[in-house]
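Below is one structure, written out as structure tokens, with a few remarks after it.
Just so it is clear: chains get the letters A, B, ... in the order the sequence lines come, proteins before strands, and each one is counted from 1. These numbers were taken from a predicted model, which means no experiment stands behind them.
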Amino acid sequence: MKTELRVHNSLSGEKEVFKPIHEGHVGMYVCGPTVYSDVHLGNCRTFVSFDVIFRYLMHLGYKVRYVRNITDVGHLEGDADTDAEDKISKKARLEKLEPMEVVQYYANGFHKVMQQYNALSPSIEPRATGHIIEQIEMVQSILDNGYAYVENGSVYFDTAKLISTQKGVYGQLSGRKPEELLAETRENLKKQDEKHSPIDFAIWIKADPSHLMRWNSPWSVGFPGWHLECSAMSTKYLGKTFDIHGGGFDLKFPHHENEIAQSHGACSCSPAHYWLHANMLMLNGKKMSKSDGNTINPEQLLTGDSPHISKGYSPMVVRFFMLQSHYRSTLDMTDEALLAAEKGYRRMMEAYATLQGMQHPGGGVAGALDQEIKDLIDSVYDEMNDDFNTPRALARMFELVSKINALKGGQLSFGDLLPETLAQLKQSFQSFLFDVLGLKDESEAAGGDKELLDGLMQLIIEMRKEARERKDWGTSDMIRDALKELHLQLKDGKEGTSWSKE
RNA sequence: GGUCGGGUGGCCGAGUGGCUAGGCAGAGGUCUGCAAAACCUCGUACGGCGGUUCGAAUCCGCUCCCGACCUCCA
């Protein structure tokens with residue numbers, strides 16, 4: 001591990017050396033879901049990506065405060081700022097539920113799926129409705145600084161003013177030119193008569209009488225704008241300026257751009273040093289879309305109940321599949337690709353099991369093999385340091401898998417390997433797979449009574465061995481075939497027979 | 001239409017101005033009673049057309065296609 005951590009910063013468009021504000025500590029904010037429906041699989045990819053980033057930062061020894069919000073108010077239909085219904089409010093009205101019932105239900109579902117994918121809980125998971133006061137205070141600061149105006153009980157951010165007074169701020173993240181933004185958006189936005197300019201956006205919205213969620217404020221009974229919650233909550237828990245702000249690519253504009261604007265309006269400060277964006281998940285070469293049926297949810301993926309897949313895939317297979325691509329690239333999910341990921345995942349896990357069971361016979365010299373293995377271990381970390389390049393890191397891991405299997409099969413010799421190196425390999429392999437990548441050995445987890453199964457299998461293997469010594473191939477093959485029916489595979493090797501679940 | 005990002009071998013996916021990841025599938029071989037597993041070897045890919053260069057899939061221009069955001073979709 002000789003390299004420094006470098007991350008791709010969306011703000012500069014370049015990879016930069018990562019330097020936290022406070023040495024040894026990292027503050028990271030990731031935009032979480034709006035809980036008005038079942039969690040989108042694409043969202044899962046984003047959160048798995050940031051889960052690995054969170055894990056890797058901790059693995060490097062940082063104390064990380066990871067804040068991921070839950071949006072439970074303010075996100076309007078169509079992401080408009082006004083004259084549209086709040087997503088949660090609408091759901092509550094349609095289902096005749098309290099808005100908080102809607103929120104609780106889908107937040108529970110979201111947590112369940114995240115748990116299935118073995119994503120760690122964030123350090124803090126704040127909700128927008130729990131931070132109304134902070135949001136009102138922030139609106140007030142922005143007003144005090146002259147970067148917002150009140151119209152008919154609603155408060156709007158004065159984007160045009162920010163553009164003219166703080167040059168180069170608005171549009172930097174999304175690569176948009178302020179002049180064009182000001183010019184282009186004139187026509188199709190009619191109902192926005194309260195706004196001075198089409199690119200202004202609401203930070204406090206006066207609630208019409210039918211609106212279910214409403215709070216008192218100095219300006220009206222209403223609710224906060226969508227972008228504001230993230231600014232208020234990140235400031236509260238991470239400070240005005242913190243290290244990493246993450247989210248899906250689709251949030252770059254306007255959401256993240258507006259967050260930056262709000263911070264500049266409230267304190268003339270920029271919220272985050274590094275902006276990280278996770279790219280989209282596609283299905284069969286196209287974006288997922290409910291309207292044309294090109295979509296699949298986490299539940300269907302698990303059960304296989306979908307025309308897009310031939311069978312169900314376990315969460316760890318899906319996680320592994322996601323990690324085989326880089327978080328900044330789009331990822332195309334196909335049945336064939338999932339099948340390939342499933343096999344790769346199992347190969348990796350079986351090599352892990354093989355490795356842990358390995359005993360060095362003692363002796364050994366630090367030959368070429370010894371060096372090769374050490375270099376591979378180092379390169380895994382080098383790849384991760386290069387903007388969390390999980391696919392390359394996994395590629396190096398698979399090269400280690402070949403070494404492990406060859407040591408077991410006798411194609412490589414322990415004589416060329418020091419016992420310390422084997423110990424180091426065991427340790428690194430395990431911590432990388434489980435702590436950093438966040439994978440789990442599912443065969444073990446599902447097994448339940450592992451000791452019993454192990455014992456039974458040893459007995460069966462022993463009986464089959466005796467049959468084979470008698471050249472009783474009928475019995476031997478019968479045992480093998482029967483186990484195969486139970487999805488248990490026997491592997492006859494030089495050192496005897498082992499087994500694994502399929 | 002505007003802005004931005006892509007198009008890599010059968011599939012998924014890294015990556016890079018020359019030393020050509022990895023997984024899966026396929027072919028051949030080793031091992032094996034047979035098979036599986038494992039190991040070894042192989043296919044020489046970078047949308048199309050030009051250009052820059054000793055050399056480009058990697059840089060530039062044009063073109064076709066796909067995607068994201070700008071307008072409901074994470």
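Across all strands shown, A:F253 has heavy atoms under 4.0 Å from sugar-phosphate atoms exclusively, and none from any base. No engagement by A:L41 is indicated, since no non-hydrogen atom pair under 4.0 Å with the nucleic acid exists. Contacts of A:Y36 with the nucleic acid, taken as non-hydrogen atoms under 4.0 Å apart, involve only primed sugar atoms and P, OP1 or OP2. Note on A:E399: only backbone sugar-phosphate atoms sit closer than 4.0 angstrom, heavy atoms only; bases stay farther off. Note on A:G344: only backbone sugar-phosphate atoms sit closer than 4.0 angstrom, heavy atoms only; bases stay farther off.
One finds no salt bridge joining A:K195 and A:D158 here, because no Lys/Arg side-chain nitrogen approaches an Asp/Glu carboxylate oxygen to under 4.0 Å. The residues A:K374 and A:D370 are annotated as salt-bridged, a charged nitrogen and a carboxylate oxygen being separated by less than 4.0 angstrom.
Between A:E342 atom CD and B:G22 atom P there is a gap of 22 Å when expressed in whole angstrom units. Rounded to whole Å, the distance from CG on A:L173 to C1' on B:U3 is 14 Å. The distance between atom CE of A:M114 and atom P of B:A74, rounded to the nearest whole Å, is 14 Å. As rounded to whole Å, 7 Å separates atom C1' of B:G5 from atom CZ of A:F249. In this structure, the CD atom of A:E257 is 15 Å from the C1' atom of B:A68, given to the nearest Å. When the P atom of B:G22 is taken as reference, atom CE of A:M348 falls 13 Å away, rounded to whole Å. Remark: P of B:A68 and NE2 of A:H277 are 16 Å apart, rounded to the nearest angstrom. The CG-P distance, from A:N279 to B:G6, rounds to 10 Å in whole Å.
With both ends at atom C1', the span from B:A21 to B:C60 equals 27 Å, rounded to whole Å. B:U53 and B:G18 have their C1' atoms separated by 11 Å, with the value rounded to a whole Å. Taking the C1' atom of each, B:C12 and B:G28 are spaced 25 Å apart, rounded to whole Å. Spacing of C1' atoms, B:C46 relative to B:C65, comes out at 16 Å, to the nearest Å. Atom name P, nucleotides B:G23 and B:G43: the rounded distance is 15 Å, in whole Å. The separation of B:G47 from B:C11, taken at their P atoms, amounts to 13 Å, rounded to a whole angstrom. B:U58 sits 14 Å from B:U52 when the C1' atoms are compared, rounded to a whole Å. B:A14 and B:A56: their P atoms are spaced 26 Å apart (whole Å).
Residues passing the side-chain contact (heavy atoms from CB on, under 4.5 Å) test with A:Q489 are A:K484, A:K491, A:S500, A:E502, sequence neighbours excluded.
Remark: A:K286 is not in phosphate contact with B:C66, judged by side-chain N or O atoms under 4.0 Å from OP1 or OP2. In this model, the phosphate group of B:A68 is approached by a side-chain N or O of A:K287 to a distance below 4.0 Å at OP1 or OP2.
Defined by atom type and a distance below 3.5 Å, a donor-acceptor pair is missing between the side-chain atoms of A:E14 and A:N9. For the 3.5 Å distance criterion, the side chains of A:Y36 and A:D72 fail to qualify, holding no donor opposite an acceptor. Using a 3.5 Å distance cut-off with no hydrogens or angles, the side chains of A:D335 and A:S310 do pair a donor with an acceptor.
In this structure, A:R68 forms a cation-pi arrangement with A:F47, its terminal cationic atom sitting closer than 6.0 Å to the ring centre and no more than 45° off the ring axis.
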Given pairs defined as Watson-Crick or G-U wobble with both distances under 3.5 Å, what dot-bracket annotation applies to RNA chain B, with ( ) intrastrand, [ ] crossing, | other strand and . unpaired? (((((((..(((.....[...))).(((((.......)))))....(((((..]....))))))))))))....
As a quick check of understanding, evaluate ring pair (Phe, Tyr, Trp, His ring centres under 6.0 Å) for A:H277 and A:H8, giving each step before the final call. CA-CA 9 Å; A:H277 289 100; A:H8 181 97; 9.3 Å; no
Evaluate the salt bridge (charged side-chain N to carboxylate O under 4.0 Å, His left out) criterion for residues A:E372 and A:K403: first the C-alpha distance (whole Å), next the side-chain angles of each, then the deciding distance (0.1 Å), finally the verdict. CA-CA 9 Å; A:E372 224 178 322; A:K403 302 291 179 210; 2.9 Å; yes
Without placing hydrogens or testing angles, list every side-chain donor-acceptor pair under 3.5 Å for residues 109-116 of chain A, not counting sequence neighbours.
from: A:H111; atom 1: ND1; to: A:A107; atom 2: O; distance (Å): 3.2
from: A:H111; atom 1: NE2; to: A:E125; atom 2: OE1; distance (Å): 2.5
from: A:H111; atom 1: NE2; to: A:E125; atom 2: OE2; distance (Å): 3.1

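Between A:K343 and A:N43, the residue anchored closer to the 5' end of RNA chain B is A:K343, taking for each the nucleotide with the nearest heavy atom.
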Once base and sugar-phosphate atoms are separated, protein heavy atoms under 4.0 Å mark nucleotides 9-19 of chain B, 5' to 3', with B, S and - as --SSSSS----
At under 4.0 Å between heavy atoms, which parts of nucleotides 30-43 of chain B does protein reach? Answer with one letter per nucleotide, 5' to 3': B base, S sugar-phosphate only, - none. -S-BBBBSSS----
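Under the 30°/60° scheme for interplanar angles, the aromatic rings of A:Y170 and A:F253 are found to stand perpendicular.
Within the structure, side-chain hydrogen bond (donor to acceptor under 3.5 Å, both in side chains) pairs that include any residue of residues 40-52 of chain A comprise A:R45-A:S325, A:D51-A:R55, A:D51-A:R319 (at least two apart or interchain).
For the ring-ring contact (aromatic ring centres under 6.0 Å, His included) criterion with A:H255, the lone passing option out of A:W275, A:W226, A:F201 is A:W226.
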